[in-house]
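Notes for the one structure printed next.
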Amino acid sequence: MSARNTAGKTLINHWQVGVQVYSEPVITPTFLFFVAVAVVGLGLAAVRFFSPLGPFSGMNDAYAWGIWKTFNVMTLTALGSAPLAVGVAAWVFNRERLHVVMRTALVSGFLFYATGLLALAFDVGRVWNFWNILLPWRWNAHSAMLEIAVCMPLYAAVFLAFENLPLVLEKVYDVGSERTRAALRAAAPTLRGIYPFMITGAYIVPVMHQSSLGGLMLLGGTKIHPLWQTPLLPLLYLLAAGVAGVGCVTFILLITCLHFSRPLEFDVLGELGSVLSWTAFAFVAVRLGDLVWRRQLEAVFRFDAMSVLFLVETALILIPAVTLRARTVRETPRRLLNMAILACVGAMLFRFIPTTVAFNPGRGTSYFPALPEVLMTLGYIALGIAAFGVAVKRFAVLPGTTAEWRYVHERTGTGRATVAPGSAS
């Protein structure tokens, strides 16, 4: 399926349809609020470079990782897995309807990773030494963090950035001069030639580091509660990333399309809900099967603090898995939104709990994030939200109808036209 102009020339494939939000100004009170939160957080992070760590963190020798890693890296990168999860569903399992939401998944994933890496840069303290990662002979091959340190920046800066390149290039093509357009046309064959290799890397690299984050927690040994400590942590962390990724892109699409009055077809909603349901079922099946295999199932029903936490976390993922098997639920925006939120929270809890809540190093110590840690984390999140708002208003990120895309393309030869009166945008 494709959209064609009056001369019969193909303008864009149906699964590539995306339309920027022309009807909304970039600078709004909501945008300014998130910018203000980001400024506060980034300001504290900048001061953190020139200050001892103590006033900025609740960390100690027993809890050497604060929420900068346990939440920003372990948890938020799961939400940034939408390109991987949706991409596998669309390309590998041939869920063709999901191609229309790939741009939203790619942009949101890139921003989650970019802000996560920014947070990590402030966390490590001596970010100016990061260039050593380019010198393999200086690598510590015995470090569990090495693969993560290599793969996360590589995925964000190379593969995700390349996948988002069409958004930028089509905008440059629309607003650029004829010389610019000629240069882009000349570069197109080269870009198409390397595209399959970049897509391959865009699937392999995140699978590696998402599972490695789970492998990293294996080093905690008996310090992590048996309900979470398992040799299958790499697989479970990867599956949880899939649940969080699909749930997150579903949440983003529903919220943004509601806010900007964008159209979103019921069959697309249903497809997202179905993929979320099966991914959640896969996670729960592996999780419960692992407990049976390790003979830890009785620990689930002790009804102590860890048992209740496990039951809540599992229920948050199992409820969407079961409920979304009903087509009426999948194609009802409010219900789908609620289920996406539950799935995201459940998957995030699974990724976060072993790092902090179910982690007991002994020594009579405890950890609770200091206020600057919380404010910095909120600042990174606010920065990503503000950047996403700009992206959807300046680039064709959100899905739109084929007719609307044709109108925008043919009326906006320079990318400056407004949306047609009466259109659903």
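Quick caveat, the model's predicted, so the values are computed rather than measured.
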### Message
Classify the ring geometry of Phe162 against Tyr195: parallel below 30°, tilted from 30° to 60°, perpendicular beyond 60°.
### Response
tilted
### Heavy-atom side-chain contact between Leu160 and Pro83 under 4.5 Å
yes
### Task
Start with the C-alpha gap between Glu271 and Arg327, add the side-chain angles, then the distance that decides, and say whether salt bridge (charged side-chain N to carboxylate O under 4.0 Å, His left out) holds.
CA-CA 10 Å; Glu271 197 73 10; Arg327 182 174 179 179; over 6 Å; no
### Query
For Gln229 and Thr222, does a side-chain donor sit closer than 3.5 Å to a side-chain acceptor?
no
### Task
Would you list the pairs meeting salt bridge (Lys or Arg N to Asp or Glu O under 4.0 Å) in which at least one residue belongs to residues 333-352, sequence neighbours left out?
none
### Message
Apply ring-ring contact (aromatic ring centres under 6.0 Å, His included) to residues His209 and Tyr237 and explain how you reach the verdict.
### Response
CA-CA 10 Å; His209 74 251; Tyr237 260 56; over 10 Å; no
### Query
Once the angle between the rings of Phe281 and Trp278 is folded into 0 to 90°, is it parallel (under 30°), tilted (30 to 60°) or perpendicular (over 60°)?
tilted
### Message
Between Phe283 and Phe350 (judged by ring centroids, cut-off 6.0 Å), do the two rings come close enough to count as a pair?
### Response
yes
#### Entry: N/O donor-acceptor pair under 3.5 Å between Thr230 side chain and Pro226 backbone
no
### Task
Flag the pair Glu373 and Arg48 as a salt bridge only when some basic side-chain nitrogen lies within less than 4.0 angstrom of an acidic carboxylate oxygen.
no
### Message
What verdict does the salt bridge (charged side-chain N to carboxylate O under 4.0 Å, His left out) test give for Arg103 and Glu163, after you've listed the backbone C-alpha separation in whole Å, the side-chain angles of each residue and the deciding distance to 0.1 Å?
### Response
CA-CA 9 Å; Arg103 288 191 169 193; Glu163 286 189 291; over 6 Å; no
### Query
Any side-chain donor paired with an acceptor under 3.5 Å for Gln296 and Trp228?
no
Distance-only check: which donor-acceptor pairs under 3.5 Å involve side-chain atoms of residues 392-399, not counting sequence neighbours?
unit_1: Lys393; atom_1: NZ; unit_2: Pro25; atom_2: O; d: 2.8

